[in-house]
Amino acid sequence: MTSPAGAPDKSAAAADTLRGGLRRGRVRTGLGRGVPLPLLVPALLGLAFLVLPLIALLVRTPWHSLPDQLTSPEVWQALKLSLLCATAATAVSLVIGVPLAWLLARVEFPGRGLVRALVTLPLVLPPVVGGVALLMALGRNGIVGQWLDAWFGITLPFTTTGVVIAEAFVAMPFLVISVEGTLRAADPRYEEAAATLGASRFTAFRRVTLPLIAPGIAAGAVLAWARALGEFGATITFAGNFPGRTQTMPLAVYLALQSDPEAAIALSLVLLAVSVAVLAGLRDRWMTAS
């Protein structure tokens, strides 16, 4: 292509060069081409490190006795308790976690960064330490638990309610982080428009904000539920391991591993299936190509 004066069109030539460079860049980044060996080998080792234990679990699963293992009363008892407690812990997280996420995302106040750090602390805190902390706070001699026991006769440790509390403690940060991120990405002008029409801040939150961030709340609730279902350390420390009362699926796996490894594998397979189902439910958020 030439300009009206007969000179080459430099912009067209530059565009052709850019398109050619992009095409070559795509070829170079294809698998097997242009991938440095010092990066490819550790990447494949990392993939094997994460996938191989799961494959081993499937290979060693006693498929012939799996129906009998999964239909035993002990398994159903632990599974029922796990589902009940995880769902209750997720409900508690929704009731108090969504307002907390809104506070962190929408309200400026001194020490907000410190509050956010404290909210996310259970994510990195060893679960056993979380269970000890719950005992110090809500145990019969805890700073709050002693008054609950003296005034109302309420004892939380080593009860089913204690399981729910332990699971909510470790799971709620997942919900708060997810909802806060969704709130920060949402356009606040919708809430401002509702306020100009006479809606109170709570009405705007209920009628405008909640429908707007519903996908983020759903994703956070699924993550919190999955984390609560798999909780072990804080549960066994704060609630104990009593069959029918506090023994959830992870605790049943731990107990079965010491006496009946095949039962432990079968129970682990159930938790693995739940984890895969959670990941499949979040595929639009995590598994789509950018």
pair Phe238-Leu138: side-chain heavy atoms closer than 4.5 Å: yes

Where is the tightest heavy-atom contact between Ala78 and Ala252, given as atom of each residue plus distance? CB-CB, 4.0 Å

So how far is it from Thr159 OG1 to Ile154 CD1, rounded to the nearest 0.5 Å? 10.5 Å

Does the side chain of Met172 come within less than 4.5 Å of Val92's, by heavy atoms? no

Report yes if some heavy atom in the side chain of Thr235 is under 4.5 Å from a heavy atom in the side chain of Thr246; otherwise report no. no

Are the side chain of Thr196 and the backbone N or O of Ala193 linked by a donor-acceptor pair below 3.5 Å? yes

Counting distance only, does the side-chain N/O of Ser82 pair as donor-acceptor with the main-chain N or O of Met249 below 3.5 Å? yes

Just by distance, do the side chain of Thr237 and the backbone of Ala234 share a donor-acceptor pair under 3.5 Å? no

Have a look at Ile177 and tell me which of Thr120, Thr182, Val119 forms a side-chain contact (heavy atoms from CB on, under 4.5 Å) with it. Thr120

Answer yes or no: does atom CZ of Arg207 have more than 12 heavy-atom neighbours from other residues, nucleotides or ligands under 6.0 Å? no

Minimum-distance pair of heavy atoms, taken over all atoms of Thr90 and Ala86: OG1-O, 2.8 Å

Can you check whether His64 reaches Pro62 side chain to side chain, under 4.5 Å on heavy atoms? yes

Say whether Ile213 and Val107 are linked into one hydrophobic cluster, either directly or through other cluster members, by side-chain heavy-atom distances under 4.5 angstrom. yes

Within a strict 4.5 Å, meaning less than it, do heavy atoms of the Asn141 and Gln146 side chains meet? no

Would you name the heavy atoms of Ala186 and Leu212 that are closest together and state the gap between them? CB-CD2, 3.7 Å

Common cluster, Val270/Tyr254, ILVMFWY with side-chain heavy-atom separation under 4.5 Å: no

What heavy-atom pair brings Ala166 and Leu134 nearest, and what distance separates the two atoms? CA-CD1, 3.7 Å

Separation between OG1 (Thr61) and CG (Leu269), nearest 0.5 Å, reads 4.5 Å

Strictly distance-based, threshold 3.5 Å: is any side-chain N or O of Trp63 a donor or acceptor partner for the main-chain N or O of Leu58? yes

I need the Trp147 CH2 to Asp149 CG distance, nearest 0.5 Å. 11.5 Å

Do Val98 and Phe205 come close enough that some side-chain heavy atom pair is under 4.5 Å? yes

Given side chain to side chain donor-acceptor pair (under 3.5 Å), test Asn241 with Gln247 step by step and report yes or no. CA-CA 5 Å; Asn241 185 17; Gln247 188 181 87; 3.1 Å; yes

Quick check: closest heavy atoms across Val163 and Cys85, and the distance to 0.1 Å? CG1-SG, 3.7 Å

Can you tell me how far apart CG (Leu40) and CG (Leu45) are? Round to the nearest 0.5 Å. 9.5 Å

For residues Leu81 and Gly244, report the shortest heavy-atom separation together with the two atoms involved. CD2-C, 4.5 Å

Quick check: is Val51 connected to Leu44 through a chain of hydrophobic side chains (ILVMFWY, heavy atoms under 4.5 Å apart)? no

Mark yes or no for whether Thr161, through its side chain, and Leu156, through its backbone, hold a donor-acceptor pair below 3.5 Å. no

Phe158, CZ: over 12 other non-hydrogen atoms inside 6.0 angstrom: yes

Non-hydrogen side-chain atoms of Trp102 and Arg106 separated by less than 4.5 Å: yes

Side-chain donor-acceptor pairs under 3.5 Å in residues 216-229, sequence neighbours left out?
| residue | atom | partner | partner atom | Å |
| --- | --- | --- | --- | --- |
| Trp225 | NE1 | Thr87 | OG1 | 3.3 |
| Arg227 | NH1 | Glu231 | OE1 | 3.1 |
| Arg227 | NH2 | Glu231 | OE1 | 3.1 |

Closer than 3.5 angstrom, by distance alone: can the side chain of Arg140 be matched with the main-chain N or O of Thr155 as a donor-acceptor pair? no

Quick check on the hydrophobic clustering: are Leu255 and Leu57 connected, directly or via other members, by side-chain heavy-atom contacts under 4.5 Å? no

Evaluate the criterion side-chain contact (heavy atoms from CB on, under 4.5 Å) for residue pair Leu123 and Phe174; output intermediate values, then yes/no. CA-CA 8 Å; Leu123 293 176; Phe174 289 89; 3.3 Å; yes

Do the side chains of Phe109 and Val176 join up, straight or via other hydrophobic residues, at under 4.5 Å, putting them in one cluster? yes

How about Leu135 and Pro157: do any of their side-chain heavy atoms sit closer than 4.5 Å? yes

Can you establish whether the number of heavy atoms outside Phe242 located under 6.0 Å from its atom CZ is more than 12? yes

Could you tell me whether a side-chain N or O of Ser93 sits under 3.5 Å from a main-chain N or O of Ala89, the two making a donor and an acceptor? yes

Sub-3.5 Å donor-acceptor pair from the side chain of Arg60 to the main-chain atoms of Glu262, do we have one? no

